[in-house]
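Structure first, commentary second.
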Amino acid sequence: MNDIYDLVVIGGGPGGIGAVVEAKILGLEKVLLIEKSDNHSNTIRKFYKNNKRVDKDWQGQTVELEGNVEFVDGTKESTLDYFDKLLDDETIDSQFNCEVTKVEKRDNIFYIYSNCGDFRAKNVIISIGRMGKPNKPKYRIPPSIRSRVNYNLDKCGNGEDIIVVGGGDSAVEYACELSATNNVRLCYRRDKLTRPNPTNRKMIGEYAERGKVRLKLGMDIESLESQHGKIKVNFSNGESKLYDRVIYAIGGTTPKEFLKSCGISLDKKGEPIFNPNTYETETKGLYIAGDIAFSSGGSIAIALNHGYRIVNHILKNRQ
Ligand SMILES: Cc1cc2nc3c(=O)[nH]c(=O)nc-3n(C[C@H](O)[C@H](O)[C@H](O)COP(=O)(O)OP(=O)(O)OC[C@H]3O[C@@H](n4cnc5c(N)ncnc54)[C@H](O)[C@@H]3O)c2cc1C
């Protein structure tokens, strides 16, 4: 508790990494990155398949990078290598395996409480993403089939009948990847796949045409049941079909309780209240960055830009 950091960044994903790197480059001296898992970029490590193509313009959004981080199209591995290099080059002070539970402001200083000790800072950025709790369907998932209902590609085997649920880039990428060794159907509630970026739209079009991924569009799932060791999926048109595995790729949830424990107010929809130009919350010096600043549709490049803008705002306020 002796040091008072100029900036503590909570969450070591792209938003957090962008913020600490910009902070060091732009001249903040005492900067700390706190990450709950044993390395940075937990969402990328946990939810991206190996060798996944990483697109700078994700979900069809073209983003100009504003700061000093030169993130380009690549793969999961090249992106992680690049983030390693950024953190090494700027000799960023980091705490891994360190989960923050609460942030409090007293006498103009932030107190950051975590399972690895407490820290003090003049400014705090919260960039903990949404994938700590992936979105789940509204209907109940019976306990007997829970081990075969996934939110990423972990535990997927070969030769399985799999239904991937979702209509964004991750659902499309999961479906195409799995189709190499499984029978895959992609189920989306709308009639058209409009959310994926052009590359993924082209890819799913080709996979569907070749019959590698079967599409079930304009269709909701009403419930899941357990039947003969399989998952019975009941669709909104009254049809049912048995699958070995269901994979939901439907985004993540707002970490409401965490935000509240940091004193951040939520709007009627349960989203954090902040200034959309500066990313500062109602508490001066407390910012949010990355995916938690959106109800949906964040990306790596957008998260990196948040870090750059916030650090500039902190520097401006210091003058
Ligand atoms: C399957 C999939 C594929 C994607 N592909 C692309 C792509 O190709 N291109 C692209 O631009 N975007 C892609 N995205 C989106 C991109 O991953 C996110 O927009 C980006 O990771 C958001 O960064 P973030 O820093 O806001 O949050 P995250 O990346 O989620 O990072 C949050 C970090 O905070 C940590 N954390 C959480 N709680 C705490 C706590 N209490 N204390 C300390 N640390 C904590 C987490 O462990 C995590 O490391 C994809 C997303 C998914 C799910």
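Quick note: numbers below take in every heavy atom, side chains included, and nothing from hydrogens, waters or symmetry partners. Numbering of ligands and ligand atoms starts at 1, following listing order. Residue indices begin at 1 and follow the sequence shown.
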Which residue holds the protein heavy atom closest to [atom], what is that atom called, and what is the gap in Å?
atom: atom 35 (C) of ligand 1; result: Glu35 OE1, 3.2 Å
atom: atom 25 (O) of ligand 1; result: Gly15 N, 2.8 Å
atom: atom 34 (O) of ligand 1; result: Gly11 CA, 3.2 Å
atom: atom 39 (C) of ligand 1; result: Ile128 CG2, 3.6 Å
atom: atom 43 (C) of ligand 1; result: Lys36 N, 3.3 Å
atom: atom 30 (O) of ligand 1; result: Thr43 OG1, 2.5 Å
atom: atom 19 (O) of ligand 1; result: Asp291 OD1, 2.8 Å
atom: atom 42 (N) of ligand 1; result: Val100 N, 3.1 Å

Before accepting this row, confirm whether a basic side-chain N of the pair [X]/[Y] lies closer than 4.0 Å to the acidic partner's carboxylate O.
X: Glu271; Y: Arg130; result: yes
X: Arg120; Y: Asp3; result: no
X: Lys52; Y: Glu77; result: no
X: Glu239; Y: Lys241; result: no

Could you say whether the N/O atoms of [X] and ligand 1 ever approach to under 3.5 Å?
X: Met131; value: no
X: Lys52; value: yes
X: Ser170; value: no

Show me which atoms of ligand 1 lie under 4.0 Å from any heavy atom of [X].
X: Gly129; result: 27 (O), 30 (O), 32 (C)
X: Ile300; result: 10 (C), 11 (O), 12 (N), 19 (O)
X: Phe258; result: 41 (N)
X: Gly298; result: 19 (O)
X: Glu99; result: 41 (N), 42 (N)
X: Val54; result: 8 (O), 9 (N)
X: Asn42; result: 47 (O), 48 (C), 49 (O)
X: Gly290; result: 26 (O)

Ser127 to ligand 1, any heavy atom closer than 4.0 Å: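 In this structure, Ser127 qualifies as a contact of ligand 1 - some heavy atom is under 4.0 Å.
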is_close_aromatic(His306, Tyr287), centroid dist under 6.0 Å: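 His306 vs Tyr287: aromatic centres not under 6.0 Å.
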Asn237 atom CG, over 12 foreign heavy atoms within 6.0 Å: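 Atom CG in Asn237 is crowded, with more than 12 foreign heavy atoms closer than 6.0 Å.
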Answer with side chain, backbone, both or neither: which part of [X] has a heavy atom less than 4.0 angstrom from an atom of ligand 1?
X: Cys98; result: backbone
X: Ile10; result: side chain
X: Glu173; result: neither

With no hydrogens and no angle check, is any side-chain donor or acceptor of Tyr82 less than 3.5 Å from a backbone partner on Glu70?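 Side chain of Tyr82 to backbone of Glu70: a pair is present.
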Exam field: side chain Asn275 to backbone Glu280, donor-acceptor pair closer than 3.5 Å: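 Judged by distance alone, no pair lies under 3.5 Å.
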Can Lys216 and Leu186 be said to form a side chain to side chain contact (heavy atoms under 4.5 Å, CB included), step by step? CA-CA 6 Å; Lys216 207 166 180 66; Leu186 176 68; over 6 Å; no
Test applied, side chain to side chain contact (heavy atoms under 4.5 Å, CB included); reference residue, Ile231; option that passes from Leu242, Asp161, Val149: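 Passing option: Val149.
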Determine, considering heavy atoms only, which of Tyr151, Trp58, Tyr48 sits nearest to atom 16 (C) of ligand 1.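 That would be Tyr48.
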Side chains of Asn50 and Lys76 only: does a donor on one sit below 3.5 Å from an acceptor on the other?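 There is such a pair (donor and acceptor under 3.5 Å, judged by atom type) between the side chains of Asn50 and Lys76.
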Is there a side-chain contact between Glu282 and Phe274 (heavy atoms, below 4.5 Å)?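 Side-chain contact under 4.5 Å: no.
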Begin from the C-alpha positions of Thr281 and Ile273 and carry the test side chain to side chain contact (heavy atoms under 4.5 Å, CB included) through to its verdict. CA-CA 6 Å; Thr281 65; Ile273 295 175; over 6 Å; no
Please test Phe258 against Glu99 for side chain to side chain contact (heavy atoms under 4.5 Å, CB included), starting from the C-alpha separation and ending with a verdict. CA-CA 11 Å; Phe258 180 82; Glu99 180 166 5; over 6 Å; no
